[in-house]
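Quick note: residue numbers are just sequence positions, from 1. Excluded from the calculations below are hydrogen atoms, water molecules and symmetry mates; all remaining heavy atoms, backbone and side chain alike, are included.
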Amino acid sequence: MLRYPHSLALQLFGIAHQIAGAIAEGSIDDQSFLPGRLTRSQLAEGLASHLLTVRPIPGEAIIYMQVESRPNAEAWRVKLPFWTVEEGGRSDLCLCLHIRRQGAELVGQIEDVHPSTQSLATA
């Protein structure tokens, strides 16, 4: 369950939805990656090694979104499962994003991809 105002949750989900959609379309070159974490090539290799075809996530996926606030900053770590063709829907593979406020906008960067059995706090 989200502990954030409804509008912020929708904004965070909107960014996660857009990034996951770009990954599904194979547009990872246009995405921003958090420095020192997962790289573009590692993301591509990871998805290929799991033999998964990522689909755009549906709007109802917001109920699976996990959000963790970053202390002393207007930043959040957001975890959202992928949707895949092979799994027929929600995957056990999750996308982790670092989303921060930059001026008046929220900006998302890809941080990691990992199985959903890994909790947000220890990911």
Taking all atoms of both residues into account, what is the closest heavy-atom pair of L80 and Y64, and its distance?
-> CD1-C, 4.3 Å

To the nearest 0.5 Å, tell me how far L47 CG sits from I28 CD1.
-> 7.5 Å

Would you call F82 and L95 a side-chain contact if the rule is heavy atoms closer than 4.5 Å?
-> yes

Side-chain donor or acceptor of H17 paired with backbone N/O of G59 under 3.5 Å = no

Looking at V78, V107, I99, which hits side chain to side chain contact (heavy atoms under 4.5 Å, CB included) with I15?
-> I99

R90 (side chain) donor-acceptor with A61 (main chain) under 3.5 angstrom = no

Distance col, row L106:CG vs L8:CG, nearest 0.5 angstrom, shows 6.5 Å

Are I110 and L34 side-chain neighbours, meaning at least one heavy-atom pair lies under 4.5 Å?
-> no

Which pair of non-hydrogen atoms, one from L97 and one from A16, has the smallest distance, and what is that distance?
-> CD1-CA, 3.5 Å

S91 versus P81, closest heavy-atom pair with distance = O-CB, 3.7 Å

If you take all heavy atoms of R55 and G88, which pair is closest and at what distance?
-> NH1-C, 4.2 Å

What is the distance from atom CG of D92 to atom NE2 of H50, rounded to the nearest 0.5 Å?
-> 7.0 Å

Any side-chain heavy-atom pair of H114 and K79 under 4.5 Å | yes

Of all the heavy-atom pairs spanning R37 and R77, show the shortest one and how long it is.
-> NH2-NH2, 4.1 Å

Taking side chain as C-beta onward, heavy atoms only, is W76 less than 4.5 Å from R101?
-> yes

Heavy-atom side-chain contact between E25 and P56 under 4.5 Å = no

Side-chain contact test, heavy atoms from C-beta onward, threshold under 4.5 Å: evaluate it for Q31 versus Q18 and give yes or no.
-> yes

Heavy-atom check, side chain of T84 versus side chain of L93, under 4.5 Å = no

Check the pair S49, E45 against side chain to side chain contact (heavy atoms under 4.5 Å, CB included), reporting the backbone distance first and the verdict last.
-> CA-CA 6 Å; S49 72; E45 290 168 11; over 6 Å; no

Hey, what do you get for OG (S32) to CZ (R40), rounding to the nearest 0.5 Å?
-> 7.0 Å

Check whether any side-chain heavy atom of E86 lies under 4.5 Å from a side-chain heavy atom of L51, and answer yes or no.
-> no

Look only at the side chain of S27 and the backbone of D30, and say whether a donor-acceptor pair between them is shorter than 3.5 Å.
-> no

Say whether L12 and L10 are linked into one hydrophobic cluster, either directly or through other cluster members, by side-chain heavy-atom distances under 4.5 angstrom.
-> yes

When every non-hydrogen atom of A9 is compared with those of I62, the smallest separation belongs to O-CD1, 4.2 Å

